Amino acid sequence: MTSAQPQYWLMKSEPAECSIDDLARAPGQRVPWIGVRNYQARNFMRDTMRVGDGVLFYHSSCAEPGVAGLARVASAAYPDPTQFEPASPYFDAKSPPATPRWLLVDVALVKKTRLLPLRTMRQRPELATMQLLKPGNRLSITPVTAAEWAAVTALLDAPET
DNA sequence: GCCAACGTTGGC
DNA sequence: GCCAACGTTGGC
């Protein structure tokens, strides 16, 4: 079974670090997803993501958290260079250079959308299954089902109410 | 700034 | 391998 079903993800980014506008201004409208230091999120990038997977680009830790755009996975996983940069906040002294602990993928812009606020998402029963909305969720990368993706993109396309 | 949730660390 | 302490996330 090699046929690839489309896969979808939600990826959190602090807009003070990299906003949807920063992504739109980046060379090739593409950025390396630096800074993931959680094994579960790393494993998603390393083991499950494929080039072309859909990404909900989510703004976290900001005044208006929510989905700010659509993107796609643009590379296979490769070592996150910031783990070896002592001046970086993402430096990890324990990561062996020969077998880097932390990986990343490149993410490319598909389109900036209007903001779909977290508070709105919480009100939509069709989104209730999203891992993002589960109590205590902190994972910065979570899988999104095809049904959830369809529901989110439908809300983004719908006129604001 | 608070705090709940939860992942990681390290002593034993 | 247990588990308490600690650190981080991230909404509010």
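Just so it is clear, the model here is predicted, and its values are computed rather than measured. So that the names make sense, note that chain A is the first sequence line, chain B the second, and so on, each numbered from 1.
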Problem set entry | Atom NZ of A:K134 with >12 non-hydrogen neighbours under 6.0 angstrom | yes

For this session: Could you tell me the separation between the CG atom of A:D92 and the P atom of C:dG7, rounded to a whole number of Å?
Result: 17 Å

Exercise. In terms of the nearest nucleotide of DNA chain B, which residue is placed more toward the 5' end: A:Y39 or A:G136?
Worked result: A:G136

For this session: Would you mind listing the cluster partners of A:V51? Hydrophobic ones only (ILVMFWY), side-chain contacts under 4.5 Å, chaining allowed.
Result: none

Which pairs, protein N/O on one side and nucleotides 10-12 of chain C N/O on the other, fall under 3.5 Å?
| residue | atom | partner | partner atom | Å |
| --- | --- | --- | --- | --- |
| C:dG10 | OP1 | A:K12 | NZ | 2.7 |
| C:dG10 | OP1 | A:R138 | O | 2.7 |
| C:dG11 | OP1 | A:Y58 | OH | 2.9 |
| C:dG11 | OP2 | A:S61 | N | 2.9 |

For this session: Let me know, please, whether A:K94 or A:N38 comes out on the 5' side of the other along DNA chain B by nearest nucleotide.
Result: A:N38

Exercise. Atom CG in A:L156, atom CG in A:L70: separation rounded to 0.5 Å?
Worked result: 6.0 Å

Exercise. For the pair made of CZ in A:R101 and P in B:dG7, what is the distance, rounded to whole Å?
Worked result: 17 Å

For this session: Run the salt-bridge test on A:K112 and A:D21 with the 4.0 Å N-O cut-off and return the result as yes or no.
Result: yes

Exercise. Using 4.0 Å as the upper bound for N to carboxylate O, is an ion pair formed by A:R37 and A:D80?
Worked result: yes

For this session: Specify whether A:F57 and A:W33 have parallel, tilted or perpendicular ring planes, treating 30° as the upper limit for parallel and 60° as the lower limit for perpendicular.
Result: perpendicular

